[in-house]
Number of protein chains: 2
Amino acid sequence: MVTRREQILAAAAELFARHGFHGVGIDEIGAAVGVSGPALYRHFRSKDAMLGEMLTSISETLLDGGQRRRDAAAPTDVLRELIRFQVDFALDNPSLITVQERNLGNLTDPDRRRVRALQRRYVEVWVRAIRDAWPDLDEPTARAAAHAAFGLINSTPHSRHLGRDRMATMLREMATGALAGMATGLPDSDLSTAS
Amino acid sequence: MVTRREQILAAAAELFARHGFHGVGIDEIGAAVGVSGPALYRHFRSKDAMLGEMLTSISETLLDGGQRRRDAAAPTDVLRELIRFQVDFALDNPSLITVQERNLGNLTDPDRRRVRALQRRYVEVWVRAIRDAWPDLDEPTARAAAHAAFGLINSTPHSRHLGRDRMATMLREMATGALAGMATGLPDSDLSTAS
DNA sequence: CCTCGGGGTTAGCGGTCGTTAAGGGGGTCG
DNA sequence: CGACCCCCTTAACGACCGCTAACCCCGAGG
């Protein structure tokens, strides 16, 4: 069963993704779920609270999924599984990904702190996995690499076109290649060693 | 010499990047350059026109730089040069990159058409270079790969920390690795062939 | 010296937005 | 049958925002 709250959050996510938080009015969100305007205040304390709950739940989902997969995978498979997880999430929830990337700055201060903390912990899961795969990599580089990998994988809302499976495969290959390229310090490498 | 217009655009870009187009008021932009509020209308027709000119000039800069480098490089070096160009631009203009990624949807319809057209041509430069490097790659895949590479490289505003040169090197390695990983179809590869 | 135009000021208008107020309709349970 | 509660409605308020109006300062050119 899908509660009214979830229905509203899904509609709001799509609108926020397309027009930005301040570019969407309460009335438009209401209209998107078939009610109009102030009815939303029966379900949320404020518009800020909608964004807060949206971003918090995304961050919790990512952190939880990341930890779960890390714990379930063989040590050599952790990074592979994290990549697969992030790719699947991004492809299945493009508007959530977009909102999380663009609208962190529109959160209330306490909400932003909460979300930031969750994000940091999720990034830490990645950093650990990266450094386990390449032990002589320093931590700041690993963190920057994790952010770059997110940028790659989360670029998916700006593409479409390719079809979910081909896209997933391609993103996994590119993320894998990106991390390998960084870790092995591609001299300036094989852009012409074609197949 | 830096004109008033450019000064205003730079300040506006930083504010738009941080708070989103609708999250920034005319008065704040004015305050950021030391004048207050409606003074900006001596230099721009409207707030929309600021964003329009900002995004148009970014797109023109990228397209022009991309074409220039393509024409100047040896065929086998084109992709390498494009990567280097995009990395440098992203690292040197983080707020412009952020605005271009987040605020395309806030443009006027004619402005958006203009910007979209320029962006499409820039992407085409990349697509051509990618397919020259791996001739048996189909065009949609190459285009999706280009977008993913942009996502990777443009993630730089969300990182910082690492220092411009290390960051540039790392992003080039990752972008190179990502494209190579896609083109050669990494089976599910060497995440453990450490250095 | 006077003019004049570029670039600035403050005041205010019209519209929009988030939010609250006030009220109503329809299931469910005692 | 009646009380209640959940969910919705429309009306309205206060704040804010983009933009215009009206006015001013000042440096350069005849």
Side-chain angles (χ1 to χ4, degrees), chain A residues 1-56 95 99 102-112 115, chain B residues 1-56 95 99 102-112 115:
Chain A
M1 170 213 174
V2 43
T3 79
R4 205 82 226 257
R5 291 174 66 86
E6 297 168 324
Q7 197 182 144
I8 294 170
L9 284 178
E14 203 156 321
L15 289 169
F16 290 166
R18 221 193 313 280
H19 305 106
F21 180 68
H22 290 296
V24 178
I26 284 287
D27 293 0
E28 305 176 52
I29 302 173
V33 298
V35 304
S36 233
L40 305 178
Y41 286 83
R42 295 281 152 193
H43 304 277
F44 295 92
R45 225 200 297 80
S46 69
K47 192 187 172 195
D48 291 311
M50 288 184 214
L51 186 65
E53 183 161 329
M54 191 181 306
L55 292 201
T56 304
S95 49
V99 174
R102 296 186 187 174
N103 295 88
L104 224 164
N106 300 121
L107 284 173
T108 331
D109 283 341
D111 279 342
R112 180 165 46 247
V115 171
Chain B
M1 168 215 176
V2 46
T3 79
R4 206 83 228 255
R5 289 176 67 85
E6 298 169 324
Q7 199 181 144
I8 293 169
L9 282 179
E14 204 155 321
L15 289 169
F16 289 165
R18 220 191 316 278
H19 304 106
F21 180 67
H22 290 297
V24 178
I26 284 287
D27 293 359
E28 305 176 51
I29 301 174
V33 297
V35 306
S36 235
L40 305 178
Y41 287 82
R42 296 280 155 196
H43 305 277
F44 295 91
R45 226 200 296 79
S46 68
K47 192 188 171 195
D48 290 313
M50 287 186 213
L51 186 65
E53 183 160 329
M54 191 183 306
L55 293 201
T56 303
S95 49
V99 174
R102 295 186 188 176
N103 295 89
L104 225 165
N106 301 121
L107 284 172
T108 332
D109 282 342
D111 278 344
R112 179 167 46 246
V115 171

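Per chain, numbering begins at 1; letters A, B, ... match sequence-line order.
In this structure, the side chains of B/L15 and B/I29 come closer than 4.5 Å at one or more pairs of heavy atoms. By the 4.5 Å heavy-atom criterion applied to side chains, B/F21 and B/D48 are counted as neighbours.
Taking atom CG of residue A/L40 and atom C1' of nucleotide D/dC7, one finds them 12 Å apart after rounding to whole Å. A straight line from NE2 of B/H43 to P of D/dC19 spans 15 Å, rounded to a whole angstrom. When rounded to the nearest whole Å, the span between CG of B/N106 and P of D/dG18 equals 12 Å. Taking atom CZ of residue A/F44 and atom P of nucleotide D/dC8, one finds them 12 Å apart after rounding to whole Å.
Annotation: salt bridge (charged side-chain N to carboxylate O under 4.0 Å, His left out) contacts of B/R5 (sequence neighbours excluded): B/E53. A/R18 is linked by a side chain to side chain contact (heavy atoms under 4.5 Å, CB included) to A/E14, counting only residues two or more places apart in sequence or in another chain.
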task = Kindly determine whether A/H22 and B/N106 satisfy side-chain contact (heavy atoms from CB on, under 4.5 Å), including the steps that lead there.
result = CA-CA 11 Å; A/H22 290 296; B/N106 301 121; over 6 Å; no
request  = Could you run through nucleotides 17-22 of chain C and give me one letter per nucleotide, 5' to 3': B if any protein heavy atom sits under 4.0 Å from the base, S if only the sugar-phosphate is that close, - if neither?
outcome  = -SBB--
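Here the closest non-hydrogen pair linking A/F16 and A/V99 is CB-CG2, 3.8 Å.
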